[in-house]
Every structure is written in C-alpha cells, then in structure tokens.
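Everything on this sheet refers to the single structure shown next.
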Protein chains: 2
Amino acid sequence: MTQSRPVYLKLRDQIAAAIIQGEYPEGKMLPSVRALAAEQGANPLTVAKAYQQFQNDGLVEVQRGVGMYVVEGAATQLREREKQHFLQEEWPEIRARMNRLGLDPADLVECT
Amino acid sequence: MTQSRPVYLKLRDQIAAAIIQGEYPEGKMLPSVRALAAEQGANPLTVAKAYQQFQNDGLVEVQRGVGMYVVEGAATQLREREKQHFLQEEWPEIRARMNRLGLDPADLVECT
DNA sequence: CTCGCTGTATTATGGCACTGATGCACTTAG
DNA sequence: CTAAGTGCATCAGTGCCATAATACAGCGAG
C-alpha cells in the first residue's frame, strides 16, 4: 500500500528545500529527530535516515548529545548541487519525454 | 541508495514508448512474454506483469493461444494519456523545482 | 490428431527496502 | 549529581519485487 515514494526521501527533499530557502538558517540547529518526527507524524528513525545523507555530504554537522547544525554555506552548496543534477540528469530526460509526447517546451513556459 | 525502479515498471515505460513511436505498430502482434523476457534478460512473469496494465487500459487485445495485439488507436490514446499526466502531475512540480533552484525555464528551452 | 507456440494461474522462495520499538552513549541545564 | 534532551546502534517485522518450476487452456501449422 506504500505506493508513494519512501517517507525518508520525501523528508529529505523537504528538508533540502527548507535549507535552500533559509527556513533552516545556516549555523542554526535544525529540529531534533524526535521533534520533526512528531511534527510530521513519522518515526524518529525515519527522520534520522533523512538527515543521514546531509551528514554524509557534509552539509550538516553533528554534536552528539546536542543536535545537528546547518553548516555555513550549505544553502548555496545544496542549490548548486541540485541545479547540477537537474540540468545533467533530469532535464535531458524531460526534454526527450516532451519531444516524444509532441509537446513544445516554449508553450509550457507561459502556463504560470 | 534507492535502487533503480522495478523491472516491470521499466519494461512498461519502454513498451509504452515503443507503441507511441510506432515500433510496435497498431494491429500487429507484440513480442511474446517469453520472447521479450529472453531478449531483456528478465522473467516471463515479469514481462507479463508489464503487459498486464496495457490490457487493463484496453490498449492491447489478447487472443488466447495466439498473442497480444496493439489496439487500433492505442498510440494516440497512450500519447494523450501520458501528455495529460505530464501536464497535470509532473510539469507543475518541475516548474516549482526550477523556480526554487533559480533556473529560468526560458533559458532551458534553448539548450539543445 | 500432434506438436509447438501463445497467455495465464498457482505456489514457493529469496532478497531487499522501509518502518518500527527499545535501549545506550553523550551533552547540557538545573 | 540528576534529569532531560540529543543522535545513534541493534534487532525485528512487514511488504513488495523478482525469480523459479510447473501446469493448464487455447490456437494454428503440418
């Protein structure tokens, strides 16, 4: 019945967007796994798994017993990384798909 | 490490693309589950599962003991269906993402 | 009719991703 | 020191995916 994307991936994207948009400011602590889990109605471990990738990428810093902090420059770094991935991986695929469906990219730019 | 999409979904997309582009012409028989399974290195049942959805959507017709045939008008119907899904489900998300990343859609239309 | 091809149903099995509950190590406020 | 908060490791459960080995039913050529 879990037809949608995994919860931890949704959370990951959501957190990434929050960091990029400054909702989780650099240098500040982001919600604890338990807090975010309660807020999102998820399991703390699932939240932890979502946070994990940001640790591996060095975008957040862990202080055991204290919390996790957003590294300085994480926002722009994250934005650049996602931009790169979007342009190199996703956009070509999207273009090919639109072409196959007979859609003109120029037309879609206008629709809000 | 979210492994790649399930095999039967990949096959489904691949077959859909083939029908849209006329590689599997309307009225003609498409590869048997065993043949496509051998060609793709997959299990016949996995191929059957990929074919299943096209049957449910009435895009292919089964003649027991003979094979499965592409229904007349399946290509355009499939293209319209995917176009609808793309415009209503995927494109808004893509637009929001590009906006969040600071990418201008107009710029991307030109690249290639 | 016989043989070979079609799709389909059945059952079983292994693997893996996702989620969850519990407990531990650590830091800080009091 | 105590208590409450942090992240994290371990183990278990669940469900989907893919595979396999058969067996069956329908059609067509020889």
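In this text, all values refer to a predicted model and were calculated from it rather than measured experimentally.
Atom CZ in R12(A) sits roughly 15 Å away from atom C1' in dC18(C) (whole-Å rounding). Spacing between atom CZ of R34(A) and atom P of dG20(C) amounts to 15 Å, rounded to whole angstrom units. Taking atom CE of M29(B) as the reference point, atom C1' of dG26(D) lies 14 Å away to the nearest angstrom. Atom CG of L30(A) is separated from atom P of dG5(D) by 18 Å (rounded to the nearest Å).
For V70(A) against Y24(A), the heavy-atom pair with the smallest separation is CG2-O, 3.9 Å. Between E82(B) and A16(B) the shortest heavy-atom distance is OE2-CB, 3.8 Å. The heavy-atom pair separating L101(B) from K83(A) by the smallest distance is O-CE, 3.3 Å.
In this structure, E61(A) CD and E72(A) CD are separated by 10.5 Å, a value rounded to the nearest 0.5 Å. Note that the CG atom of L78(B) and the CD1 atom of I20(B) stand 4.5 Å from one another [nearest 0.5 Å]. Here CD of E26(A) is found 9.5 Å from CD of Q77(A). Values are rounded to the nearest 0.5 Å. Note that CD of Q53(B) and CG of L11(B) are 11.0 Å apart. Values are rounded to the nearest 0.5 Å.
Regarding contacts with the backbone of dC18(C), a side-chain N or O of Y8(A) is found under 4.0 angstrom from either OP1 or OP2. Side-chain N/O atoms of S32(A) include none lying less than 4.0 angstrom from OP1 or OP2 on dG5(D).
Contacts between residues 54-75 of chain B and DNA chain D, defined by a heavy-atom separation under 4.0 Å, are made by R64(B), G65(B), V66(B). Non-hydrogen atoms lying under 4.0 Å from DNA chain C are contributed by N43(A), L45(A), T46(A), K49(A), all within residues 36-53 of chain A.
A donor-acceptor distance shorter than 3.5 angstrom exists from the side chain of N43(B) to the backbone of L45(B), with no hydrogens or angles considered.
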